[in-house]
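Below, chain A is the first sequence line, B the second, and so on; all start at residue 1.
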Number of protein chains: 2
Amino acid sequence: MVSNGSECRRLVKIGTLAQLAGVSTDTLRFYEKNGLLAPCSRNAAGYRLYSAREVQRIRFILSAKSVGFTLKEIHELLALEVRREQASCEDVKQLVDEKISVVRQRIAELQRIQGSLQILSDACCGGDEPASHCTILEALNAGPDERLATEE
Amino acid sequence: MVSNGSECRRLVKIGTLAQLAGVSTDTLRFYEKNGLLAPCSRNAAGYRLYSAREVQRIRFILSAKSVGFTLKEIHELLALEVRREQASCEDVKQLVDEKISVVRQRIAELQRIQGSLQILSDACCGGDEPASHCTILEALNAGPDERLATEE
DNA sequence: CTTGACTTTGGAGTAGACTCCAGGGTTTAT
DNA sequence: ATAAACCCTGGAGTCTACTCCAAAGTCAAG
Ligand SMILES: [Zn+2]
Ligand SMILES: [Zn+2]
Ligand SMILES: [Zn+2]
Ligand SMILES: [Zn+2]
């Protein structure tokens, strides 16, 4: 299935695509195994050959990765991208908005953690003497709930 | 090695400790395998027996977990807790402060991601019509660098 | 023609924090 | 005494996104 006649004129091998994209050949094969990026064709020896279309595609993948999408999510995005005509902006935007909400939650959780750690740090003298009296150790010993309760 | 005579009077089995701590027995065995929490002794049948000391210890572990420490880090914290006299507040506080800085970095990265996603979302009409013109798909197709460059 | 760089496959290993399972033995309540 | 509920061990499986490997075939330069 060499298919799209005009698309597959300037074909590159996996090493070249890897260099173009700034990833390893292993990564490209891994993406292929996961249905993200298939070569346009193979040569007689079985070498993978990629066309401009695939160069474009890996750019899309890496772009989506850089804004925090998982490979699974990128799979969905690619599905929409491929059949753009049948999909709607609504569909696309929904994926982005769901991701935003997950990211927000993770930020909130990390901020909570940061706050707790800061309270611990601030309460500790950080001095050279034995830690027998250390407020951090005491707070941790108090347990997760008591810690919050006795925070103030 | 049943050791500490007075410490091991009221002993509980693993299921009880699990309930007290709100974790599974599997988790307790996992923590033991990782050197975080060993039973005080075993009964004739080989059942794990835990004393108040271990109840305290799992409270410490869960407390540390709740403020974002990994099990590996908790291992270090426990080492300090156990030999409190030889350790200093400085040692303890350093672990907390290192963690704070890691958490800060992760928050920053997530905020960057959130910002990028928000830009994508805001630019998309989110409508019902075909996504052939969708700005999100276009932006992702532009690649990670171009996206940033043409953001404004 | 030879050497070295490149490519193929399948499969294993990594980190983190568990979870689940099989195939046993034990305890407890009735 | 018997069933339910508990406990033991060792090991495998989960999820993510790769990375590394060996053994073998292929291509390009000199
Ligand atoms: Zn101090
Ligand atoms: Zn201190
Ligand atoms: Zn639109
Ligand atoms: Zn759109």
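Taking atom NZ of residue A:Lys13 and atom C1' of nucleotide D:dT26, one finds them 8 Å apart after rounding to whole Å. Computed from coordinates, the A:Glu32 CD to C:dT8 P distance equals 8 Å when rounded to whole Å. Separating the CD1 atom of B:Ile58 from the C1' atom of C:dC18 is a distance of 13 Å, rounded to the nearest angstrom. Between the CZ atom of A:Arg42 and the C1' atom of D:dC27 there is a distance of 17 Å, given to the nearest Å. Atom NZ of A:Lys65 and atom C1' of D:dA17 are 7 Å apart (whole Å). In this entry the distance linking CD of B:Gln19 with P of D:dC6 reads 8 Å, nearest Å. We find that NE2 of A:His75 is positioned 15 Å from C1' of D:dT16, with the value rounded to whole Å. If you take CZ of B:Phe30 and P of D:dT9, they are 16 Å apart, rounded to a whole angstrom.
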Original post:
Does the pair B:Leu95 and A:Ile136 meet the rule for a side-chain contact (heavy atoms from CB on, under 4.5 Å), with working shown?
Top reply: CA-CA 10 Å; B:Leu95 290 181; A:Ile136 294 176; over 6 Å; no
**OP:** Check the pair A:Asp91 / A:Gln86 against side-chain contact (heavy atoms from CB on, under 4.5 Å), numbers first and verdict last.
**Re:** CA-CA 10 Å; A:Asp91 300 331; A:Gln86 290 91 303; over 6 Å; no
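Classification of B:Lys93 and B:Glu90 as a salt-bridged pair fails, no side-chain N sitting under 4.0 Å from a carboxylate O. The pair B:Glu32-B:Arg42 meets the salt-bridge criterion, since a charged nitrogen lies less than 4.0 angstrom from a carboxylate oxygen.
Where B:Ala44 and B:Thr70 meet DNA chain C, the nucleotide closest to each residue was compared, and B:Thr70 sits on the side nearer the 5' end. Looking at which nucleotide of DNA chain D each of B:Ile14 and A:Asn43 is closest to, the 5′-most match is held by B:Ile14. DNA chain D is contacted by both A:Asp26 and B:Ala45; B:Ala45 maps to the nucleotide lying nearer its 5′ end (nearest heavy atom per residue).
Using a 4.0 Å heavy-atom distance criterion, A:Arg29 is classed as a base contact. Using a 4.0 Å heavy-atom distance criterion, B:Lys33 is classed as making no nucleic acid contact.
Under 4.0 angstrom from either OP1 or OP2 of C:dT9 there lies at least one side-chain N or O belonging to A:Arg48. Of the side-chain N and O atoms in A:Thr27, one or more sit less than 4.0 angstrom from OP1 or OP2 of D:dT19. At D:dT19, one or more side-chain N or O atoms of A:Ser24 fall inside 4.0 Å of OP1 or OP2 (strictly under the cut-off).
For the residue pair B:Glu54 and B:Ser51, a side-chain donor N or O sits within less than 3.5 Å of a side-chain acceptor on the partner.
Ranking C:dT8, D:dC7, D:dC18 by closeness to the B:Tyr47 side chain, first place goes to D:dC7.
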